[in-house]
Protein chains: 2
Amino acid sequence: METSDTKAARTRRRILDVAAQELAEHGYGGASLRRTAAAADLKVGSLYFHFQTKDDLVAATLVDGVESARTGLLAAIEAVPHDAPPTERLRAAVVGHLDTLHASDARAASVVRMVETLPPDLRAAHVTHERRFARVWLDELQRGQAAGVVRTDIPVRVLRDLLVGALNSTSTTSPAANKRLDDIADAALRLLAPVSPSA
Amino acid sequence: METSDTKAARTRRRILDVAAQELAEHGYGGASLRRTAAAADLKVGSLYFHFQTKDDLVAATLVDGVESARTGLLAAIEAVPHDAPPTERLRAAVVGHLDTLHASDARAASVVRMVETLPPDLRAAHVTHERRFARVWLDELQRGQAAGVVRTDIPVRVLRDLLVGALNSTSTTSPAANKRLDDIADAALRLLAPVSPSA
DNA sequence: GATGTAATCGGACGGTCGTTCGATTACAGG
DNA sequence: CCTGTAATCGAACGACCGTCCGATTACATC
């Protein structure tokens, strides 16, 4: 009973969840440890039993958020049958990305919300982890290209950055009617589709 | 000498510029009036001669930023000759958007950086102004559709939101090599282009 | 049930925050 | 040059911040 399910681990998880909420709502500079502790039914001093400093908590929240997005995306992809048409795989990826981003827990959303105003050291540590996420989309798009269901007239890294940027920008705009997310997914998939020789 | 060029007006402009910098770097919650004042060669008390409160300054910065983006976009569009091909108009819009967003002054960028973590009242006041900007892109895309140079297989509002989201997401990613902005503009234009009847 | 460690509390510390306001300086009009 | 308003300063206020640490409680083990 040492590693994964001790009381400390459960409390730590609870702290990470409410920290994601707090950081998503107020950003890095506006987030308060006292509000975070209160939301986790704790006093502020108790946070320091689980995290050495505020920046440590933020860093952990960032790792947790990226990992949530990555596994959410991967799970959505691997859930589609291996003999399904490549288009369906792609759709699953887009929908999975959007679902994870708009999940009731704010783990993935918090990353998008605060990443732009992080202090340089936290930012630097974050980009490393974020590359692992970007890699998943890069692989998936290249796989789609090989299968002929993703356009090849745009450098694939640029295509990925624009796609991810467009999808992530919906975290702001959301009264999040689920119908709207479907429309967005449809549109994104149309944008990715190959083009017949145009003018 | 009452309205536009008095000393107060010049100082106010200087404050708005450094406030945009400060807000873009630290976000709403992390921005400091003392740092802002120092960057404007003022003491913090002097800010209150020009703005009644911090939120007033932030609100003014938001208005200024959106207006900067809007006029930057409009100017880029109107700079292209009236008999130029519609594609060129569209390119000018995309490039104009990107240029304004990556301009050395952070007026437009500050909006993108802090909009996600604004307190509800500032946020509400902001969306009103932002609609005026979104309108410009909507008109331009519809005009492009009428001219046959913008795809019509995606609801135009969704297309606009994804386009603007994708373009704005580049404000983060930028070591901003100008070559890279050109690649992004090319890619965005390809995404907007009509598709011949695909599969 | 006693015991020792794990976890939380309560309260304090210095520092920065936004805001106020009377004193002080810059500057334009007569 | 004098005068009055425009603009800035300087210092203080209470509130909240992140952080620390000794006292206190919860809990697993025997």
Side-chain angles (χ1 to χ4, degrees), chain A residues 1-23 25-62 110 114 117-122, chain B residues 1-62 110 114 117-122 125:
Chain A
M1 95 169 31
E2 296 233 336
T3 52
S4 70
D5 200 31
T6 163
K7 182 183 183 187
R10 269 182 284 117
T11 305
R12 187 188 146 96
R13 172 101 300 274
R14 188 159 33 100
I15 294 174
L16 283 175
D17 283 339
V18 302
Q21 275 292 148
E22 173 77 9
L23 287 163
E25 186 172 349
H26 298 99
Y28 171 80
S32 153
L33 288 187
R34 281 178 172 80
R35 272 197 307 259
T36 303
D41 265 308
L42 289 174
K43 304 298 175 181
V44 59
S46 309
L47 293 182
Y48 285 81
F49 179 80
H50 302 275
F51 300 94
Q52 301 207 1
T53 183
K54 180 187 184 182
D55 280 11
D56 268 24
L57 171 56
V58 174
T61 305
L62 285 167
S110 72
M114 68 173 151
T117 55
L118 287 176
D121 49 344
L122 280 179
Chain B
M1 90 169 37
E2 298 234 337
T3 53
S4 71
D5 201 32
T6 162
K7 181 183 184 187
R10 270 182 285 117
T11 303
R12 188 188 146 96
R13 174 100 300 275
R14 189 159 33 101
I15 294 174
L16 283 175
D17 283 338
V18 303
Q21 277 290 151
E22 173 77 9
L23 288 163
E25 187 173 348
H26 297 99
Y28 170 81
S32 154
L33 289 186
R34 284 179 170 81
R35 271 198 306 259
T36 303
D41 265 308
L42 290 174
K43 303 299 174 182
V44 59
S46 309
L47 293 182
Y48 285 80
F49 180 80
H50 303 274
F51 300 94
Q52 301 206 2
T53 184
K54 181 189 183 182
D55 280 11
D56 269 25
L57 171 56
V58 173
T61 305
L62 285 167
S110 71
M114 69 172 150
T117 55
L118 287 176
D121 50 344
L122 281 178

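Letters A, B, ... are given to chains in the order of the sequence lines, protein chains preceding strands, and every chain is numbered from 1. We use all heavy atoms of the structure for the numbers below, so side chains are in, but hydrogens, waters and symmetry mates are not. Bear in mind the structure is a predicted one, so any value in this text is a computation, not a measurement.
- Between dC9(C), dA7(D), dC20(D), one nucleotide has an atom nearer to the side chain of Ser46(A) than all others, and that is dC9(C).
- Distance from the side chain of Lys43(A) is smallest to dG10(C) among dC27(D), dG18(C), dG10(C).
- Set against dC17(C), dA26(D), dT19(C), the side chain of Lys54(B) has dT19(C) as its closest nucleotide.
- Along DNA chain D, the nucleotide nearest to Arg34(A) and the one nearest to Asp41(B) differ in position, and the one closer to the 5' end is contacted by Asp41(B).
- For Thr11(B), the listed nucleotide lying nearest its side chain is dT8(D); candidates were dT19(D), dT8(C), dT8(D).
- Checked against dG18(C), dA7(D), dC9(D), the side chain of Ser32(B) finds its nearest nucleotide in dG18(C).
- Residue order along DNA chain C, read from the 5' end via each residue's closest nucleotide, puts Val44(A) first among Val44(A) and Gln52(B).
- For the pair Lys7(A) and Gly30(B), both in contact range of DNA chain C, the more 5′-proximal nearest nucleotide belongs to Lys7(A).
- A donor-acceptor contact under 3.5 angstrom links the side chains of Asp55(A) and Tyr28(A), judged on distance only.
- Heavy atoms of Ala31(B) sit under 4.0 angstrom from primed sugar atoms or phosphate atoms, though from no base atom.
- Where Gly45(A) and Arg35(A) each meet DNA chain D at their nearest nucleotide, the meeting point lying more 5' is that of Arg35(A).
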Carefully, step by step, assess Leu16(B) and Phe51(B) under the rule side chain to side chain contact (heavy atoms under 4.5 Å, CB included).
CA-CA 10 Å; Leu16(B) 283 175; Phe51(B) 300 94; 4.0 Å; yes

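- Closest to the Ala8(B) side chain, of the nucleotides dT19(C), dA7(D), dG18(D), is dA7(D).
- Among the nucleotides dT8(D), dT8(C), dC20(D), the one closest to any side-chain atom of His50(B) is dT8(D).
- Proximity of Leu57(B) to Leu33(B): side-chain heavy atoms (C-beta onward) are separated by under 4.5 Å at one or more points.
- Counting heavy atoms from C-beta on, the side chains of Phe49(B) and Thr11(B) never come closer than 4.5 Å.
- To the nearest angstrom, C1' of dG18(C) lies 10 Å from OH of Tyr28(B).
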